[in-house]
Structure formats: C-alpha cells, structure tokens
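Read through the structure below, which is laid out as structure tokens, and then see the notes.
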Amino acid sequence: MAHLSLPPLPDRYRSRAATVADAPEIHHLVAACERELLGRAESGADGVAADLALPGLDPALDTLLVQDRSGRLAGRAWVHNGRRSKVDVHPAHRGRGLGGRLLDWVEARAREAGGLRLSQTVPDGDRAAVGLLRSRGYGAFVTEWQLEFAMSAEPAVPDPPAGVTVRPFRAGDEQAAYLLTEDAFDEWQPRRKSYPEWALHTVERDTFVPALSPVAFAGGEMVGAVLALDVPGTGEGYVERVAVRRDHRDRGIARVLLRESFRAFHLRGRRTCTLWTHSETGALSLYERVGMTVRRSSSVYGKPLAAE
C-alpha cells in the first residue's frame, strides 16, 4: 500500500512519512507547541519514540511530516489503528492552513485503514485547534485533567494498611504491574493494551525510574502500583500510571503509593509532581483528597467517519 499523499501544500512546504530517526526533531516540534501554549515543555522525547513504535502503527503509512524549504519540521500527524490521531503545527507556521490539511490527511488515512470513528485530544486552552475540530464536526466526549502536587516541604507519607507492604518497583515486577494496571483500566478504557504496547509507554521508557515507582503487596501479590517518569527539562515529577486492585480499594493504598512517590521526587529536588486523569475513571476526587489540584484540562474530540 502506498503512502497517502497530503492535499496540495503551499510552495514553501513538502511532506513525507516519518521514521523512528525523526523522533528527536518531532519532540522539538511538540516542545515548541507546549511552550507556546503552556509556557513550558512537558513531553519527553521517549514518549514521541514510543508513539512511533506503537503496535499496529506503521510509520510508513500512518505518519506524516511537513517540512519547510530549509528542511525544518513545520507540522506532523499520525493515526493509530484508524481510531486515534494527533496533529501538531509549529507556532511559527500557524495560520497557513497546515492544520486543516493535516486533519484532512488523518481522516483520509483513518478511512483507508477501516476506521469508523476518529478521536484526538486537544488542550482546552488551544482555541484555534478546538475551533478547527468543531468546524469539522468533532464533538467533545471526555474531559482530561492535569493535576499537580506542590511540595514546599518533604511530603508526609501515611503508614500502609494492615497486611500491606510497600517497596520500590524492581526488575521482575513488569508482568504483575501490567496485569494490575490493565485490569484496573479495563473498567473504562475502550480496549486492553498488549504487553508490548503497555511497556512502550511505561517500564521501557528511558525516563521510567523504578526507585520513584512504589508498588504495594498483600498476601504475596501486587495489589497497587504507581509508575513514575522523570522527564528531563521539565523540573517536575510525572506519574504515568496509578492502579489499585479492585478488592483492595478504599483502604488508602493509592494515597500511600502516591505520597511515597512524591516524597521520592522531593528528595531528588523536584518541587512539583503531576499526573493526568479523565472523566471516565472517576478518580478526580481521589487525587484531590491526596492534596492535588487541577492545573489545566484537555478534551477528547471524536467524529464518525463517513465513507467517501
């Protein structure tokens, strides 16, 4: 199958598929977009690389880069399994129709891949992106919140409940953590991730730090986990996954694990930790009880794909 071409671009631009080797340059583009919108970069280069290596994503077919005459990256897009998509345009190249053309491309590629409905997550503060999606028939159906925990002093950590022990993540915990977190996330996520896909965004990331990722055990079995990333250049700790086994919830295990991770980050000089949750998990109140506050929000927009 040939790579789907982009609708005609202005003369100064050209397009091509991405490769894994493009991950650092794509990260520079994503970081520039984040600095423009948020005042700081939040994403790590390993996250971009993980996206390009997603099972079911073929970079030769499912990605597109737009470059200017000098070869610098002006925009990028990808589609995963005809269902999820991402579009970014460098701040210096906005207002030239690139976002609309990239959106046309991801929809066409999703249809070609057999997708019936396409979704994309956009920060609520990005009014231009929100306006573009709404003008194309997309509607918001999930709200995501980024929460933060500020640490002017070393956080206190409560004792674990009776019969529960807590220690840092270590080699050999990967499969247990995968089963625990995916079992918990199955309660709201549309599909269960395979281990390779899960690992790409958690324990196999360069920024994953076992010492900052506490896990809880009861009766010799893992019943809770916090998987944390230390992303260079952000100055903050980041919690990628939080999960407690259903039969051990409402015992304070999540609070213990989060506070343990926050304290470990504080000892490394971080003064803020963040994580994301969304409206289908029902976990917002849990994080607020731990002492976290909402920093900002995003929405997931979806659109049915009519055949063309």
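In this text, all values refer to a predicted model and were calculated from it rather than measured experimentally.
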Set of residues satisfying salt bridge (Lys or Arg N to Asp or Glu O under 4.0 Å) with respect to R12, sequence neighbours excluded: none
Residue pairs passing the ring-ring contact (aromatic ring centres under 6.0 Å, His included) test where at least one lies in residues 124-148, sequence neighbours excluded: none
Salt bridge present between D104 and R136 (N-O < 4.0 angstrom): yes
Nearest heavy-atom neighbours spanning I26 and V48: CG2-CG1, 3.6 Å
Donor-acceptor pair, side chain of D68 and main chain of S70, under 3.5 angstrom: yes
side-chain contact (heavy atoms from CB on, under 4.5 Å) partners for D88, two or more places apart: L29, V30, C33, R76, K86
ring-ring contact (aromatic ring centres under 6.0 Å, His included) contacts touching residues 8-41 (sequence neighbours left out): Y13-H93
For A254 against L286, the heavy-atom pair lying closest together: CB-CD2, 4.1 Å
Residues K303, E107: salt bridge by 4.0 Å N-O rule: yes
Non-hydrogen atoms of L132 and G100 that approach each other most closely: CD2-N, 3.9 Å
Residue pairs passing the side-chain hydrogen bond (donor to acceptor under 3.5 Å, both in side chains) test where at least one lies in residues 168-179, sequence neighbours excluded: R167-D173
Exam field: side chain E34 to backbone E42, donor-acceptor pair closer than 3.5 Å: yes
Exam field: side chain D183 to backbone L180, donor-acceptor pair closer than 3.5 Å: no
Candidate pair R192 and F185, rule side chain to side chain contact (heavy atoms under 4.5 Å, CB included), full reasoning: CA-CA 8 Å; R192 188 179 182 91; F185 284 28; over 6 Å; no
Nearest heavy-atom neighbours spanning G56 and D62: O-OD2, 3.8 Å
Closest approach of F149 to G291 (non-hydrogen atoms, all atoms of both residues): CD1-O, 3.6 Å
Candidate pair W198 and L179, rule side chain to side chain contact (heavy atoms under 4.5 Å, CB included), full reasoning: CA-CA 10 Å; W198 175 87; L179 292 173; over 6 Å; no
Exercise answer: donor-acceptor pairs, residues 208-235 side-chain atoms, under 3.5 Å, sequence neighbours excluded:
| from | atom 1 | to | atom 2 | distance (Å) |
| --- | --- | --- | --- | --- |
| S213 | OG | V209 | O | 2.9 |
| S213 | OG | A228 | N | 2.9 |
| E221 | OE1 | R245 | NH1 | 2.8 |
| D230 | OD1 | R270 | NE | 3.2 |
| D230 | OD1 | R270 | NH2 | 3.1 |
| D230 | OD2 | R270 | NH2 | 3.1 |
| T234 | OG1 | V231 | O | 2.9 |
| T234 | OG1 | E236 | N | 3.3 |
| T234 | OG1 | E236 | O | 3.3 |

Charged N-O contact under 4.0 Å between R296 and D124: no
Closest approach of A140 to S299 (non-hydrogen atoms, all atoms of both residues): CB-CB, 4.1 Å
Donor-acceptor contact below 3.5 Å, side chain R16 vs main chain L64: no
T63 OG1 to R109 CZ distance, which is reported to the nearest 0.5 Å: 10.0 Å
